[in-house]
Amino acid sequence: MEGTDPVKVNKKLAVALSGGAVLVLALSGCSGEEDKFTVDDWAKKYCDAAKPQLKKQAAAEELIRSTASDGKPGDIQTADSQAFQDLADVYKGYAGAFREAGTPPVENGEQLVKAAATELDANAKSYLDLKKQVDALDTGDQQEFADGLRPVADGLRKIEQNQAARDRLRAGETGEAMTKQSGCKPVAPATGGAPSGS
């Protein structure tokens, strides 16, 4: 009966498992491929993939600004609708760039990137929602149109504030590495800071 003592069996299992773990570590140590992937490598991969989106983002934001002050309701509606569609595509592109770059070799790297990509996907959806709101506005009545733009402006502010996950990513080694990459440099003139997508 001693051979079936659960404590003894469990100890044997633990020894077998620990031996297996040592073997797995030894095997993974032999390849050394992952050890060569640095935070700078990750940042370059992300920033190179994100770079085309920066130009699109700058153009879309400029389209909104250029018609906001003295545009006619119809012109504003057309410009905003196009810009929101473009920004939705841009934010999907940023999320895709994060997923394509993979996991940075930092603490909680996988979670940081996953959270940032999820946040960007949510912002892309919010831009599409704003596009629907703008498309539904009546351009025939200037006052009614102006009133209808107020919740759209509020929605824009919410999107801009929804960047906690990216702030966490920028706060550590990953953020430092990203600032070194030309692909993550702002392209819009006089925007007053780094692009929200990077």
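Side-chain atoms of Glu144 and Asp147, non-hydrogen and from C-beta on, never get closer than 4.5 Å to each other. Between Val39 and Pro105, some side-chain heavy-atom pair lies under the 4.5 Å cut-off. Considering only heavy atoms from C-beta on, Val90 stays 4.5 Å or farther from Glu61 through its side chain.
When the side chains of ILVMFWY residues are joined at heavy-atom separations under 4.5 Å, either directly or via intervening members, Leu120 and Leu156 end up in a single hydrophobic cluster. Linking ILVMFWY residues whenever their side-chain heavy atoms come closer than 4.5 Å, directly or via other members, places Phe98 and Val106 in the same cluster. By the rule that hydrophobic residues join a cluster once side-chain heavy atoms approach within less than 4.5 Å of another member, Val152 and Tyr91 end up as members of one cluster.
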Tyr127/Asp86 under side-chain contact (heavy atoms from CB on, under 4.5 Å): CA gap, chis, key distance, verdict: CA-CA 9 Å; Tyr127 274 120; Asp86 291 347; over 6 Å; no

Set out, in order, the CA-CA distance, both residues' side-chain angles and the distance that settles side-chain contact (heavy atoms from CB on, under 4.5 Å) for Phe145 and Val134, then state yes or no. CA-CA 9 Å; Phe145 181 76; Val134 167; 5.6 Å; no

Please test Phe84 against Gln133 for side-chain contact (heavy atoms from CB on, under 4.5 Å), starting from the C-alpha separation and ending with a verdict. CA-CA 10 Å; Phe84 292 151; Gln133 286 180 50; over 6 Å; no

Apply side-chain contact (heavy atoms from CB on, under 4.5 Å) to residues Leu128 and Gln85 and explain how you reach the verdict. CA-CA 6 Å; Leu128 288 178; Gln85 177 64 61; 3.7 Å; yes

Assess the residue pair Asp75 and Thr78 against the criterion (side chain to side chain donor-acceptor pair (under 3.5 Å)); give the C-alpha distance rounded to whole Å, side-chain angles, the decisive distance to 0.1 Å, and a yes or no. CA-CA 5 Å; Asp75 294 337; Thr78 301; 5.7 Å; no

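Rounding to the nearest 0.5 Å places CD of Glu107 at 9.0 Å from CG of Leu112. Summarising the geometry, atom CG belonging to Asp40 is positioned 4.0 Å from atom NZ belonging to Lys180; distances are rounded to the nearest 0.5 Å. A distance of 11.0 Å separates CZ in Arg168 from CZ in Arg166, rounded to the nearest 0.5 Å. For the atom pair Met178 CE and Leu169 CG, the distance stands at 5.5 Å (nearest 0.5 Å). Atom CD1 of Ile76 sits about 13.0 Å away from atom OG of Ser81, to the nearest 0.5 Å. Here the CD-NZ distance, from Gln142 to Lys72, works out to 10.5 Å after rounding to the nearest 0.5 Å.
Remark: side-chain polar atoms of Glu119 are paired, donor with acceptor, to backbone N or O of Ala165 under 3.5 angstrom.
Contact between Thr103 and Gly109 at its shortest, heavy atoms only, is CG2-C, 3.8 Å. Ala95 and Ala117 make their closest contact through CB-O, 3.6 Å (heavy atoms, listed as atom of the first residue, atom of the second, distance). What you find for Pro104 and Val113 is that their closest heavy atoms are CD-CG2, 3.3 Å. Taking all atoms of both residues into account, the shortest heavy-atom contact from Asn162 to Ala122 is ND2-CB, 4.3 Å.
By the 4.0 Å N-to-carboxylate-O rule, Arg157 lies close enough to Asp154 to be salt-bridged with it. Salt bridge status for Arg99 with Asp121: present, with a side-chain N to carboxylate O gap under 4.0 Å. Between Asp135 and Lys131 a salt bridge is recorded (basic side-chain N to carboxylate O distance below 4.0 Å). No salt bridge links Lys56 with Asp89; every basic N to acidic carboxylate O contact stays at or beyond 4.0 Å. We find that Lys44 and Asp41 are not joined by a salt bridge, their nearest charged nitrogen and carboxylate oxygen being 4.0 Å or further apart.
Shown here is Gln111, whose CD atom has more than 12 heavy atoms of other residues, nucleotides or ligands within 6.0 Å.
Between Leu87 and the options Ile159, Ile64, Asn123, a side-chain contact (heavy atoms from CB on, under 4.5 Å) holds for only Ile64.
Ring pair Trp42/Tyr46 is parallel by interplanar angle, where below 30° counts as parallel and above 60° as perpendicular.
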